[in-house]
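Have a look at the structure below before the remarks.
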Protein chains: 2
Amino acid sequence: MTVRGDAELMARAAHLFTGARHEFVCAARDLDTWSRPEARRSMARRKPGSVASGLTVKKLFTPVALADEAARAHLREVVANGVEVRISSTPLPHETIVIDRRVMILAERDGPGPREYTVTTSPTLVNGVYSLFAAAWDAATELTAYLRGDAPHLDDDSRAVLRALGAGYTDETAARHLGLSLRTYRRRVAELMETLEADSRFQAGLRAGELGLTG
Amino acid sequence: MTVRGDAELMARAAHLFTGARHEFVCAARDLDTWSRPEARRSMARRKPGSVASGLTVKKLFTPVALADEAARAHLREVVANGVEVRISSTPLPHETIVIDRRVMILAERDGPGPREYTVTTSPTLVNGVYSLFAAAWDAATELTAYLRGDAPHLDDDSRAVLRALGAGYTDETAARHLGLSLRTYRRRVAELMETLEADSRFQAGLRAGELGLTG
DNA sequence: CCGCACGTGGCAGCTTGCTGCCATCGTGTT
DNA sequence: AACACGATGGCAGCAAGCTGCCACGTGCGG
């Protein structure tokens with residue numbers, strides 16, 4: 001089943017949203033859809049009772065969803081309502097929703113015309129998509145953890161230090177390799193560990209890996 | 001379009017496999033499908049010329065696909081043929097194939113009857129699934145890297161050590177916390193670092209993260 | 001019983017990592 | 001010029017991590 005435009009989707013699929021009993025998961029590039037007024041309203045109507053009634057809600061976004069402060073505030077609010085939010089560092093479909101593992105809704109990439117939605121209940125398709133979602137979900141990082149670690153705010157120096165650490169050099173060879181004194185190199189490592197909120201170098205390595213600073 | 005059984009799939013969708021021009025990706029729990037004789041043969045016919053002609057092939061499996069030696073040997077052979085193989089530590093759909101980002105084939109979880117396949121060309125569905133696949137793919141680890149670090153072969157003790165390291169404890173508190181002597185704890189850490197082929201604790205943390213040993 | 005292998009733990013000494021202190025140097029401000 | 005500020009590096013001392021050595025206990029086969 002294919003519908004065009006948000007209005008038609010809401011008209012024909014609203015019962016799917018409100019009828020979610022056990023689980024509601026969605027993956028999206030950004031918050032675009034839910035920030036549209038009409039969608040917001042119907043979602044708002046659904047949300048309050050939902051979390052209390054044993055419904056788990058999972059939302060997976062790309063970092064694009066954190067672009068502006070309004071979006072971050074909205075996500076924080078959503079989290080406060082018991083919704084699990086994770087951020088994936090890899091591209092995501094523009095919109096994918098799976099409800100109770102029985103029905104799913106996919107949205108096409110934005111084109112010139114109204115957005116096109118596809119609603120499917122085929123168990124084969126839904127299960128396949130659900131499993132892929134689960135894999136992407138497991139690999140993503142919790143929103144709070146993501147906001148805590150400021151991955152993008154690292155300068156080139158810090159990245160160089162990170163690479164040296166990742167290469168397994170001892171401090172002395174790493175410092176020589178980077179043209180730094182031992183003291184300064186260790187200072188840099190200490191700063192890095194502070195920004196990563198790591199208590200040990202092992203933990204720092206773990207965090208660095210989590211935040212995708214390896215590549 | 002839905003087909004039942006491997007024979008019917010091959011009869012009706014063989015041209016899709018042989019017609020792949022640019023990209024062939026699949027995600028599966030194990031090698032079950034391709035180890036079946038008839039499927040193997042038609043794949044074998046397709047493979048040789050494929051990699052040479054600018055076709056990229058990506059295969060994503062769970063660790064289940066590495067269960068027996070025959071499977072590992074087959075995967076090594078496949079890799080030698082230029083196919084990219086990655087292992088995801090999270091559950092995957094039983095079978096998902098996307099060809100040239102235009103058509104996809106999903107297989108239902110094995111039931112009592114013949115396996116059921118769904119072939120779809122809807123751009124919305126295919127793009128959605130493709131993006132999810134890409135996210136799962138990016139998060140998975142290269143087969144060679146996976147085989148090098150023996151993630152699954154870690155006993156509970158090692159996992160406990162790993163958790164202690166990840167928690168940022170000092171060796172002393174970690175040892176006390178695990179009921180080990182300092183000496184033994186450090187022995188364990190050294191062993192762990194050896195199996196992870198890490199030269200430093202930082203590197204060990206990085207590897208542990210890469211291999212998905214955080215959870 | 002003896003010997004053997006293996007895992008464990010204590011000890012000691014060494015290396016590595018960590019950090020406070022101070023001197024130096026360059027930059028930019030008053 | 002004088003000054004402040006920040007970044008750097010040397011030094012020293014301490015903390016943490018690493019490992020070789022030996023001793024002890026346990027289990028196993030001779």
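Quick note on labels: first sequence line is chain A, next is B, and so on, each numbered from 1.
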Quick check against the 3.5 Å criterion: does [X] have a side-chain atom that pairs as donor or acceptor with the backbone of [Y]?
X: A:E95; Y: A:L106; value: no
X: B:Q203; Y: A:G166; value: yes
X: B:R207; Y: B:E197; value: yes

Query raised in the report: Taking only side-chain nitrogens and oxygens of B:S181, does any of them come within less than 4.0 Å of OP1 or OP2 of C:dT8?
Result: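 No, outside the criterion.
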
Query - B:F24: which of B:V83, B:T56, B:V57 passes side chain to side chain contact (heavy atoms under 4.5 Å, CB included) - result: B:V57

Report task. Sort out for me which residue in A:I99, A:V103, A:V98 forms a side chain to side chain contact (heavy atoms under 4.5 Å, CB included) with A:V126. Result ->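 Among A:I99, A:V103, A:V98, the one meeting side chain to side chain contact (heavy atoms under 4.5 Å, CB included) with A:V126 is A:V98.
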
For nucleotides 15-19 of chain C, tabulate all protein N/O to nucleotide N/O atom pairs closer than 3.5 Å, reporting atom names and distance.
residue: C:dG17; atom: OP1; partner: A:D171; partner atom: OD1; Å: 3.3
residue: C:dG17; atom: OP2; partner: A:T170; partner atom: OG1; Å: 3.2
residue: C:dG17; atom: OP2; partner: A:D171; partner atom: N; Å: 3.0
residue: C:dC18; atom: OP1; partner: A:R201; partner atom: NE; Å: 3.2
residue: C:dC18; atom: OP2; partner: A:R201; partner atom: NE; Å: 2.6
residue: C:dC18; atom: OP2; partner: A:R201; partner atom: NH2; Å: 2.0
residue: C:dC18; atom: N4; partner: A:R186; partner atom: NH1; Å: 3.3

Query - A:S181 and A:T184 side chains, donor-acceptor separation under 3.5 Å - result: yes

Query raised in the report: Only one of A:R201, A:R183, A:R176 clears salt bridge (Lys or Arg N to Asp or Glu O under 4.0 Å) with A:D171; which?
Result: A:R201

Query - Close side-chain approach of A:L192 and A:L165, heavy atoms under 4.5 Å - result: yes

Report task. Could you list where the contact with chain A starts and ends along DNA chain D, reading 5' to 3', using a 4.0 Å heavy-atom cut-off? Result ->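 In short, chain A contacts DNA chain D from D:dT8 to D:dC11.
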
